[in-house]
2 protein chains.
Amino acid sequence: MKNRPYHHGDLPAALLARAEQTLREKGSGALSLRELAREIGVSPAAPNRHFKTKQALLDALALTGFERLAETLAASQEGVGAAFAARMDAAARAYVGFAVANAALLDLMFSVKHSPEASEALGAAAQQWSEQLLELIGDGQRRGEVREGQLERVALPVFAALHGYAGLAVSGMLPAEVTEHGLDDLIASILRSCAPQ
Amino acid sequence: MKNRPYHHGDLPAALLARAEQTLREKGSGALSLRELAREIGVSPAAPNRHFKTKQALLDALALTGFERLAETLAASQEGVGAAFAARMDAAARAYVGFAVANAALLDLMFSVKHSPEASEALGAAAQQWSEQLLELIGDGQRRGEVREGQLERVALPVFAALHGYAGLAVSGMLPAEVTEHGLDDLIASILRSCAPQ
DNA sequence: ACCTGAACACCGTTCAAGT
DNA sequence: ACCTGAACACCGTTCAAGT
């Protein structure tokens with residue numbers, strides 16, 4: 001055993017990885033800095049070097065969530081054709097799929113209690129994925145498959161519908177019978193509201 | 001001073017009232033059972049008589065939120081006329097208004113981490129206000145101002161749009177310029193997606 | 001620079017005991 | 001029935017000290 005670093009190399013990454021695991025397995029309420037440190041095998045004060053506060057770790061976690069969401073969304077557009085309806089369908093399923101597969105993380109990403117500075121960084125990350133949706137809708141407009149109007153203003157109701165359906169699904173507000181056709185209905189509704197004339 | 005009750009009469013109500021106040025003023029993260037007890041002037045163990053756990057108090061708080069939301073929604077329908085567009089417009093503004101005026105409470109109401117039994121009670125409370133929206137849309141169908149289809153399936157995308165816009169607004173994801181016309185755009189989109197044919 | 005060890009001021013929850 | 005007082009096992013955060 002040579003002079004390896006103090007513990008095992010990359011404490012910040014280890015903290016984030018562990019944190020997301022317990023977030024997924026036990027929910028955000030059970031996320032304790034001390035327990036994280038215990039599981040990784042460092043002292044209770046060690047995390048403080050890398051995340052000044054617990055909220056800072058949560059903010060960092062939310063940021064990775066936005067990045068992964070952007071990747072998921074980008075992947076959904078591969079080999080799906082150029083028609084607006086098909087692209088929107090794929091994007092909607094990707095977004096809702098990500099949401100239900102990462103419920104606690106999504107809660108964190110859109111949580112009310114971010115610090116002002118963190119909100120700035122998160123806003124940028126959120127924009128990163130929202131621009132994909134904007135591009136998709138803008139393309140639809142150019143193809144004549146989406147009604148005219150300022151891009152952001154056309155897109156906002158689409159955002160709201162997707163985000164709202166994901167939120168309802170994640171918080172368990174949708175009866176089981178609904179989940180079978182709910183997403184289909186939502187997509188149909190979005191397409192209707194986007195249609196020209 | 002006669003033999004008044006142990007503290008001042010109604011500890012459960014006092015706890016709920018104080019809890020909502022600090023929820024509004026300092027956010028859900030700053031909600032401490034011990035501090036609540038301190039402010040009210042009872043021992044740290046007193047709340048336990050009425051709310052077996054902190055989560056139980058949060059669940060009760062969420063329940064009052066759904067009740068007040070239902071009242072707000074009902075009030076929005078008074079003297080608004082019978083036309084679907086007008087009723088939906090009023091309901092949408094009432095919902096989003098309630099959301100931004102009670103951001104932390106809304107977060108709680110649609111939180112992921114309710115206990116299974118609490119979810120049942122909350123589901124009932126949520127249904128209480130959702131039925132108002134269902135009635136509104138059903139009436140629109142009968143008037144021929146809303147497209148046909150199973151009521152719940154027509155309503156779900158509307159729910160999603162409202163809930164999603166509220167969530168985006170509450171979590172600060174909407175730039176300031178947007179809030180001026182965002183809600184108008186959303187309502188227009190909802191009406192478009194509800195239109196017959 | 002990165003981490004430890006110990007300390008501080010807080011938690012939620014439990015439980016015997018009081019009224 | 002309703003609450004107190006004290007205790008238990010935990011927190012997040014700070015800070016001198018070590019390597």
Side-chain angles (χ1 to χ4, degrees), chain A residues 1-23 25-62 104 108 111-115 117-118, chain B residues 1-23 25-62 104 108 111-115 117-118:
Chain A
M1 256 188 213
K2 292 209 185 174
N3 61 337
R4 65 165 173 181
Y6 232 73
H7 64 296
H8 61 66
D10 194 348
L11 185 50
L15 282 167
L16 284 173
R18 267 282 179 188
E20 202 206 318
Q21 187 182 340
T22 74
L23 194 68
E25 291 172 358
K26 304 184 200 170
S28 67
L31 200 60
S32 148
L33 236 38
R34 285 186 104 106
E35 189 173 8
L36 248 41
R38 228 178 291 132
E39 291 170 340
I40 295 179
V42 301
S43 93
N48 184 27
R49 280 283 132 184
H50 311 282
F51 302 103
K52 253 169 290 186
T53 173
K54 184 184 182 180
Q55 186 60 49
L57 189 152
L58 296 181
D59 291 340
L61 213 51
L108 211 68
S111 163
V112 201
K113 46 187 172 186
H114 296 298
S115 58
E117 333 87 66
Chain B
M1 255 183 214
K2 295 209 183 171
N3 60 336
R4 65 169 174 179
Y6 231 74
H7 67 296
H8 60 65
D10 195 347
L11 184 50
L15 283 167
L16 284 173
R18 267 281 177 190
E20 202 205 318
Q21 188 182 337
T22 73
L23 193 67
E25 291 170 0
K26 306 184 199 168
S28 68
L31 200 60
S32 147
L33 236 38
R34 283 184 105 107
E35 189 174 8
L36 248 42
R38 227 178 290 131
E39 290 170 340
I40 294 182
V42 302
S43 92
N48 185 26
R49 280 283 133 184
H50 310 282
F51 302 103
K52 255 169 287 185
T53 175
K54 184 184 182 181
Q55 186 61 49
L57 187 151
L58 296 180
D59 292 340
L61 213 52
L108 211 67
S111 162
V112 200
K113 48 187 171 185
H114 296 297
S115 57
E117 333 87 64

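So you know, we letter chains A, B, ... as the sequences are listed, proteins then strands, and number each from 1. When reading the values below, keep in mind they use all heavy atoms of this one structure, side chains included, and skip hydrogens, waters and symmetry mates. Everything quoted here is computed from the prediction, not taken from an experiment.
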Does B:H50 have a side-chain nitrogen or oxygen under 4.0 Å from the phosphate oxygens OP1 or OP2 of D:dC3? yes
Could you check how far CZ of B:R38 sits from C1' of C:dA9, rounded to whole Å? 10 Å
Just the atom pairs and distances: protein N or O near nucleotides 12-15 of chain C's N or O, under 3.5 Å.
from   : atom 1 : to    : atom 2 : distance (Å)
C:dG12 : OP1    : B:L33 : N      : 2.9
C:dG12 : OP2    : B:S32 : OG     : 3.4
C:dG12 : OP2    : B:L33 : N      : 3.2
C:dG12 : OP2    : B:R34 : N      : 2.9
C:dG12 : N7     : B:R34 : NH1    : 2.6
C:dG12 : O6     : B:R34 : NH1    : 2.7
C:dT13 : OP1    : B:T53 : OG1    : 2.3
C:dT13 : OP2    : B:K54 : N      : 2.8
C:dT13 : O4     : B:R34 : NH1    : 3.2

Applying side-chain hydrogen bond (donor to acceptor under 3.5 Å, both in side chains) to B:D59 and not counting sequence neighbours gives B:Q55, B:H114
Only counting residues at least two apart or in another chain, list the ones meeting side-chain contact (heavy atoms from CB on, under 4.5 Å) with B:A46. B:L11, B:V42, B:S43
So which pairs with a foot in residues 40-50 of chain A pass salt bridge (charged side-chain N to carboxylate O under 4.0 Å, His left out), sequence neighbours left out? none
Suppose we screen for side-chain contact (heavy atoms from CB on, under 4.5 Å). Which residues come up paired with B:A56, at least two apart in sequence or across chains? B:F51, B:T53
Going from CG on B:L23 to CG on B:L16, what distance comes out if it is rounded to the nearest 0.5 angstrom? 11.5 Å
Identify, with sequence neighbours excluded, every residue that meets salt bridge (charged side-chain N to carboxylate O under 4.0 Å, His left out) alongside A:R18. A:E39
What pairs with A:K26 under salt bridge (charged side-chain N to carboxylate O under 4.0 Å, His left out), at least two apart in sequence or on another chain? A:E35
Applying the Watson-Crick and G-U criteria (both distances under 3.5 angstrom) with [ ] for crossing and | for other-strand pairs, one obtains for DNA chain C ||.|||||...|||||.||
Stepwise side-chain contact (heavy atoms from CB on, under 4.5 Å) check, A:L31 with A:L36: CA-CA 8 Å; A:L31 200 60; A:L36 248 41; 4.2 Å; yes
